[in-house]
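For clarity, every value in this text was computed on a predicted model and none was experimentally measured.
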Amino acid sequence: MMEEHEGRPEMKREEQRSKGWTKPRRSFWWGAGLLALLVVIAVMWWKPWQSDRVTLTADAAAQSVLDQYPGEIVNSTLKDGTYIMQLRSETGLYDVQVDAVTATVNSIKRLESNPQAEEKTLWSREQIKTELLKQTDAELVSLELVEQQGSPVYLAVLKMKDNGREQWTIDPYNGEKQSSKTLEASSPDSTGEGTKTPFLSEKEAEQKALAKVPGEVDDIELRGTNSGNPYYLVEIDLDDGREAIVQVNAISGAIRSVTWDDDED
């Protein structure tokens with residue numbers, strides 16, 4: 001009985017010491033966790049990593065969009081660092097989302113199409129010729145449809161009244177002159193020795209082709225000016241219903257080939 005009475009006070013002292021240590025430890029960890037949470041909240045609110053990010057004005061962001069997509073900005077709203085714009089162009093109304101700091105277009109989506117937008121149609125060579133006659137009284141030497149920077153254009157070489165030659169770049173959808181330049185001796189119309197060697201005119205190429213295959217010229221087209229090996233393709237209709245395509249060297253006038261388009265063959 002005495003041993004039991006002597007042991008019990010020791011057990012109580014051990015329990016008291018254990019409880020005395022546990023309570024401060026729990027308080028410490030609760031306090032540290034609360035402090036960490038407050039630090040995280042403060043950092044997220046302050047966002048020190050974005051302190052040097054300057055938000056563009058709505059006009060600056062809109063101008064950046066218009067530089068890439070021609071049209072008109074009809075509405076602009078800033079939300080969470082992104083400008084949400086509505087762009088109206090010839091082809092319809094678009095939703096455009098732009099980074100408010102970098103002006104990067106994050107997404108573009110068409111909201112509605114323009115029912116009045118018509119698919120563009122390339123003008124034929126005859127239409128371009130007719131339009132050129134309205135714009136100038138110079139002699140048309142050659143006319144070729146080529147591709148420049150991913151878009152089609154007509155290149156027309158014209159002999160002016162002073163015998164000089166100009167190259168016009170023509171819009172293939174409306175026949176309007178986009179630009180022009182004077183052809184010098186060092187241009188593609190000349191030889192490597194600097195002696196001017198102009199292309200044959202379409203009329204001269206037709207005469208060369210008709211001398212080889214008599215008939216009626218249906219069409220003529222200049223090709224290969226950018227390759228250094230220019231030539232004319234002359235389509236000739238014969239009285240017996242056949243059609244010949246004569247290839248004429250655009251510089252020398254030599255007949256390079258004759259191809260027959262004959263249903264019976």
Side-chain angles (χ1 to χ4, degrees), residues 22-125 127-128 131-132 134-135 143-156 167-181 226:
T22 303
K23 187 174 181 180
R25 286 180 179 176
R26 289 180 177 176
S27 301
F28 171 77
W29 288 113
W30 275 106
L34 181 60
L35 178 62
L37 180 61
L38 291 175
V39 170
V40 171
I41 293 175
V43 170
M44 293 299 295
W45 177 79
W46 182 36
K47 295 182 180 179
W49 62 84
Q50 293 185 356
S51 58
D52 58 342
R53 291 168 62 88
V54 179
T55 301
L56 296 171
T57 64
D59 289 341
Q63 186 59 51
S64 177
V65 172
L66 294 176
D67 289 341
Q68 304 174 65
Y69 307 98
E72 177 186 6
I73 302 297
V74 296
N75 188 31
S76 178
T77 304
L78 178 61
K79 182 179 180 181
D80 298 331
T82 300
Y83 278 107
I84 302 174
M85 302 180 180
Q86 288 188 345
L87 169 69
R88 186 173 297 281
S89 68
E90 294 181 354
T91 57
L93 182 67
Y94 294 84
D95 175 89
V96 184
Q97 297 192 11
V98 186
D99 189 292
V101 175
T102 64
T104 302
V105 176
N106 295 327
S107 67
I108 180 168
K109 179 175 65 175
R110 186 161 67 175
L111 301 176
E112 60 183 46
S113 60
N114 185 1
Q116 298 179 348
E118 298 180 359
E119 184 178 354
K120 291 184 176 181
T121 302
L122 288 174
W123 279 22
S124 67
R125 298 178 71 258
Q127 289 175 304
I128 295 295
E131 185 63 25
L132 281 175
K134 297 178 182 178
Q135 300 180 35
L143 181 64
E144 183 179 14
L145 181 65
V146 301
E147 185 171 303
Q148 289 185 349
Q149 299 179 350
S151 300
V153 295
Y154 275 104
L155 293 182
Q167 184 183 73
W168 288 15
T169 302
I170 310 296
D171 190 311
Y173 301 108
N174 55 30
E176 294 181 0
K177 181 175 73 171
Q178 296 179 334
S179 64
S180 64
K181 66 177 181 180
N226 294 331

For the student: nearest non-hydrogen atoms of [X] and [Y], plus distance:
X	Y	answer
Gly71	Leu66	O-CD2, 3.5 Å
Asn106	Asp99	ND2-N, 3.7 Å
Ile84	Asp95	CG2-OD1, 3.6 Å
Ser124	Tyr154	C-OH, 3.6 Å
Asn174	Asp171	OD1-CB, 3.0 Å
Thr169	Val153	CG2-CB, 4.0 Å

Using side-chain heavy atoms (C-beta onward) and a distance below 4.5 Å, is [X] in contact with [Y]?
X	Y	answer
Ile73	Val65	yes
Arg88	Glu112	yes
Tyr173	Leu122	yes
Leu87	Glu72	no
Gln167	Leu155	yes

Value rounded to 0.5 Å, distance of [atom1] in [X] from [atom2] in [Y]:
X	Y	atom1	atom2	value
Ser64	Asp59	OG	CG	12.5 Å
Ile128	Ile170	CD1	CD1	7.0 Å
Gln63	Thr57	CD	OG1	10.0 Å

Could you check whether any side-chain N or O of [X] sits under 3.5 Å from a backbone N or O of [Y], counting only pairs where one atom can act as donor and the other as acceptor?
X	Y	value
Gln135	Gly175	yes
Trp168	Ser180	no
Tyr83	Ala58	yes

**OP:** Run the salt-bridge test on Glu131 and Lys177 with the 4.0 Å N-O cut-off and return the result as yes or no.
**Re:** no

**OP:** Any chance you could lay out the side-chain contact (heavy atoms from CB on, under 4.5 Å) test for Val96 and Val105, step after step, and finish with the verdict?
**Re:** CA-CA 7 Å; Val96 184; Val105 176; 3.9 Å; yes

